[in-house]
Amino acid sequence: PIVLDAPPNVPTDDIITSPTSAPSNLSSSSPSNRPTSEQDIGASTPRSKHFADECTSYLLSPEFLEDGIVSQMEFTRFLIHHCIQKGLCDDTTVITFEELEVGLQLEFILGVCSHEEQVDKAQCIDDLKTMWRKGNQFGFDADADGMDSLVQDVKGMCTKSYGYVLEMGLTETPAPTKLPTASPSVS
């Protein structure tokens, strides 16, 4: 399990430490509630952009880059940090990568294995599966020579993850994008 301690580059007084209720449903959701398009998941709303920017900045902080990998554990640590900051989780919340919704796990894995060639992508996924079974961390290669690519891949993964994070109750819902329709009236 991942336990949150002080996140990188965030003063500890910015973290909400008073107990709040944890999300009631961290592991499953009805497929009918799943966001189905970029508009549904709020890809163009300020909250989703803010989430993607915060996620990217957090995961690409020097603390996480120094070991040469942006791992699944660090991604989960960010999600806990974000949830606490938004007041949706308390500071004792613990979530493992395996407890994340499968779609969210897949976004991370496909972000890591973003190869164009299907053979390369399949080999990458196989390698990650082997590392996971051995209990090893896996994730984005944080090689300084490929920093531009790393930023692009991590930001893409963070952006695509927003809908699943929203669905799990680990972030705020986006503001409504349309005015409510008028109530029907009986004449």
Side-chain angles (χ1 to χ4, degrees), residues 1-8 10 14-61 64 69-114 125 128-129 131-132 135 137-140 153-178:
I2 299 168
V3 179
L4 178 70
D5 54 10
V10 177
D14 286 350
I15 298 174
I16 299 167
T17 57
S18 60
T20 59
S21 61
S24 60
N25 186 0
L26 291 177
S27 61
S28 66
S29 61
S30 164
S32 63
N33 293 334
R34 177 166 290 125
T36 56
S37 72
E38 284 194 14
Q39 186 176 16
D40 292 339
I41 64 170
S44 62
T45 66
R47 284 190 181 162
S48 63
K49 181 177 180 343
H50 175 74
F51 173 84
D53 291 345
E54 182 184 347
C55 174
T56 304
S57 175
Y58 187 97
L59 293 175
L60 297 179
S61 68
F64 293 145
I69 185 172
V70 177
S71 75
Q72 83 277 19
M73 294 173 67
E74 292 158 343
F75 176 59
T76 308
R77 183 176 170 188
F78 162 72
L79 295 174
I80 296 167
H81 162 73
H82 180 80
C83 186
I84 290 170
Q85 271 196 323
K86 297 300 177 190
L88 301 169
C89 298
D90 66 35
D91 62 350
T92 62
T93 300
V94 177
I95 304 170
T96 64
F97 185 77
E98 293 78 13
E99 293 172 317
L100 298 176
E101 184 188 291
V102 171
L104 187 52
Q105 292 178 31
L106 284 173
E107 286 301 344
F108 183 83
I109 291 166
L110 294 175
V112 172
C113 297
S114 62
I125 291 170
L128 294 184
K129 185 170 55 174
M131 286 185 258
W132 176 73
Q137 291 187 43
F138 59 86
F140 296 89
D153 290 346
V154 169
K155 182 147 187 134
M157 182 274 302
C158 289
T159 300
K160 291 175 183 174
S161 295
Y162 177 76
Y164 294 104
V165 174
L166 180 64
E167 185 177 291
M168 287 184 68
L170 300 175
T171 193
E172 302 168 302
T173 59
T177 56
K178 296 180 181 177

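Position 1 is the first residue of the sequence; numbering continues from there.
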Heavy-atom pair with the smallest gap, counting every atom of Val112 and Gly139 | CG1-O, 3.3 Å

Nearest 0.5 Å, what's the CG-CG distance between Leu166 and Leu104?
-> 11.5 Å

NE2-CG distance between His50 and Asp53, expressed to the nearest 0.5 angstrom | 8.0 Å

Which pair of heavy atoms, one from Val70 and one from Leu60, lies closest together, and at what distance?
-> CG2-CD2, 4.3 Å

Can you tell me if Glu99 uses its side chain to pair, donor with acceptor, with the backbone of Thr96 under 3.5 Å?
-> yes

So, Gln72 side chain and Phe138 main chain: donor-acceptor pair closer than 3.5 Å or not?
-> yes

Separation between OH of Tyr162 and SG of Cys55, rounded to the nearest 0.5 Å | 12.5 Å

So how far is it from Phe51 CZ to Thr159 OG1, rounded to the nearest 0.5 Å?
-> 9.0 Å

How many angstroms lie between CG in Leu106 and CD in Glu101, if you round to the nearest 0.5 Å?
-> 9.5 Å

Can you find a side-chain donor-acceptor pair between Trp132 and Gln137 that sits under 3.5 Å?
-> no

Just wondering, do Phe64 and Arg77 contact through their side chains at under 4.5 Å, heavy atoms?
-> yes

Between Glu172 and Lys86, is there a side-chain N and carboxylate O pair less than 4.0 Å apart?
-> yes

When every non-hydrogen atom of Cys158 is compared with those of Ala52, the smallest separation belongs to CB-O, 3.9 Å

Partners of Gln105 by side-chain contact (heavy atoms from CB on, under 4.5 Å), sequence neighbours excluded?
-> Phe97, Leu100

Under the 3.5 angstrom rule, does the side chain of Asp90 hit a backbone N or O of Thr93 as a donor-acceptor pair?
-> yes

Residues in side-chain contact (heavy atoms from CB on, under 4.5 Å) contact with Ile125, at least two apart in sequence or another chain | Ile109, Leu110, Cys113, Lys121

Listed by chain and number, what are the side chain to side chain donor-acceptor pair (under 3.5 Å) partners of Thr171, not counting sequence neighbours?
-> His82

Backbone N/O of Glu54 and side chain of Ser57: donor-acceptor pair under 3.5 Å | no

CD1/Ile80 to CG/Leu88 distance, rounded to the nearest 0.5 angstrom?
-> 13.5 Å

